[in-house]
Student: 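Questions regarding the structure given below will be posed in turn.
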Amino acid sequence: MTASNAERHAQGEQWLVPNYKPQPIALVRGEGSRLWDADGREYLDLMGGIATAALGHCHPKVVSALNEQAGKLWHVSNLFSTEPQLELAKRLIAHSFADRAFFCNSGAEANEVALKLARRHFYDRKEDRFEIVAFEDSFHGRTLFTLSATGQPAYREGFEPVVPGIHHAPFNDLAAADALVGDRTAAILVEPMQGEGGVRPATPEFLEGLRRLADGRGCLLIFDEIQTGMGRTGALFAHQKYGVTPDIMTLAKALGNGIPIGAMLARDEIAQALVPGTHGSTFGGNPLAAACATVVLDELTEGGVLEHAEAMGRKLGERLDAMAKRFGSDKVVEARGMGLLRGLELHGPAADVVSGCREQGVLVISAGANVVRIAPPLVIEEAELDRGLDVLEKVLEDVLA
Ligand SMILES: Cc1ncc(COP(=O)(O)O)c(C=O)c1O
């Protein structure tokens, strides 16, 4: 059990399918915004397991919810009602536009069911609408339908033919979306802020325009809030900051603070299309995952975490803006983002900054090739954030020199 980073890394290279390219450390323990590797080295976490560990690692309330549920009931399938799943659904509905929830295990599955629901909704209404309008540089998952909706051709290479009837417009280009939405369009699928595609917020006019387009042309509007939801932008859901409401929303990542769970939320009239037998998941909304997610939602909405995330997000934004200014536009394209999901776009690859920070004990990630992405636990303390950003700034000095 006490293998070193180097041994674990070598084992991964030998035993695992080589689809990931992990960093050369094995993480063994976490607490709050800190992590420890197999060699006993401590790291400050400014990436939160890719915007997932919203309450930090091993949050005591999530740990006790998981332990308590583990001693009660793990799994019975969705052929039975379970208390944690219904408690979670009740809270998600109370805090959102939605009337109904469907639970699954990941972001891709949440988007998969959202897209299927859009098609099925129009099938029931005997309208020949099956097309999806999505956006360039988007990321929606790795199942074939969600991969087809993802607006980054590199992810599709070798997996074609993709699901037909999906069109991509440039992000934030309302006129281009307008030209693609027609009488065959079932839904427009969009991230209020693109995450993997480079931490790119939608403009208010764009999201408002998509809502108008969907209403005017009679299709549905789906917001993929898998990365932006659950307090990441300082609001519970990013669309609340824009004042634009979707018909369907998908969540995953921070919903369970790291335990696998995804959700699709929809208005009642739309959700009705998924009659018995149309869709399902063995593990979806499993008692263990739902018990954790319930605590996450309670902490965000009643425990002051959203307010803290908003304040820390402002601070993060100010510091990244200052760095962009300091290094100048010939080195840094721009700083952008919302709340505690922000990026610094460089003119060159972000990989050296990511590895340089790691060597200095701070974990950040990239978003696309050139964007350094910062997405710490929402509970990160101000002094920790400052310390991590001091390291980032020093590493940028070296890499951009
Ligand atoms: C916006 C968005 N949608 C969907 C997904 C896919 O989620 P998962 O990896 O849980 O399938 C991701 C993952 O990064 C995401 O950021």
Side-chain angles (χ1 to χ4, degrees), residues 17 19-22 47-54 102-118 132 134-152 154-156 159 163 166 168 171-172 187-202 207 210 221-233 237-239 241-242 246 248-265 281 283-286 289 292-293 296 337-343 364-369 371 373-375:
V17 168
N19 59 317
Y20 300 115
K21 203 165 157 276
M47 58 161 289
I50 321 186
T52 293
F102 171 85
F103 294 108
C104 51
N105 314 286
S106 67
E109 285 170 89
N111 283 335
E112 183 80 19
V113 65
L115 294 169
K116 284 179 69 180
L117 172 58
I132 305 295
F135 296 92
E136 291 171 10
D137 299 319
S138 61
F139 185 82
H140 298 297
R142 307 277 194 164
T143 64
L144 200 55
F145 205 162
T146 59
L147 187 64
S148 309
T150 291
Q152 303 188 53
Y155 290 118
R156 295 201 286 272
F159 299 114
V163 175
I166 301 178
H168 294 95
F171 188 63
N172 274 336
I188 302 170
L189 170 65
V190 67
E191 297 158 83
M193 169 162 62
Q194 291 189 333
E196 302 305 301
V199 192
R200 229 173 274 278
L207 280 199
L210 292 181
L221 181 61
I222 306 172
F223 283 168
D224 176 345
E225 291 240 25
I226 285 159
Q227 190 154 161
T228 55
M230 304 308 291
R232 189 43 58 190
T233 65
F237 308 118
H239 70 260
K241 290 219 147 176
Y242 289 88
I248 300 174
M249 170 171 68
T250 52
L251 300 171
K253 285 194 181 283
L255 178 58
N257 206 53
I259 197 157
I261 182 166
M264 182 207 57
L265 305 180
S281 163
F283 292 128
N286 164 301
C292 291
V296 173
M338 291 163 71
L340 283 173
L341 178 55
R342 294 189 184 257
V364 298
I365 41 172
S366 58
V371 179
R373 179 172 25 164
I374 317 287

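Residue numbers count from 1 along this sequence. When a ligand or atom number is given, it counts from 1 through the structure's own listing order.
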Student: My understanding is that only one of Thr146, Thr250, Val190, Leu251 makes a side-chain contact (heavy atoms from CB on, under 4.5 Å) with Asp224; could you say which?
Tutor: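 Among Thr146, Thr250, Val190, Leu251, the one that satisfies the side-chain contact (heavy atoms from CB on, under 4.5 Å) with Asp224 is Thr250.
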Student: Going by an N to O cut-off under 4.0 Å, is there a salt bridge joining Glu225 and Arg232?
Tutor: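 So Glu225 does not pair with Arg232 through a salt bridge.
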Student: Check whether any side-chain heavy atom of Thr228 sits under 4.5 Å from a side-chain heavy atom of Phe237, and report yes or no.
Tutor: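 No - every pair of side-chain heavy atoms lies 4.5 Å or more apart.
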Student: Looking at CG of Asn105 and CG of Asn286, how far apart are the two atoms once the value is rounded to the nearest 0.5 Å?
Tutor: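 Output value for this atom pair is 8.0 Å.
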Student: List in chain and number order the residues that pass side chain to side chain contact (heavy atoms under 4.5 Å, CB included) with Ala187, two or more places apart in sequence or in another chain; answer none if no residue qualifies.
Tutor: Ala118, Ile132, Leu220, Ile222
Student: Using a strict cut-off of under 4.0 Å between a residue heavy atom and any atom of ligand 1, list the qualifying protein residues by chain and number.
Tutor: Ser106, Gly107, Ala108, Asn111, Phe139, His140, Gly141, Glu191, Glu196, Asp224, Ile226, Gln227, Lys253
Student: Looking at side-chain heavy atoms only, is the closest gap between Glu191 and Phe223 below 4.5 Å?
Tutor: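 With C-beta onward as the side chain, the pair stays apart.
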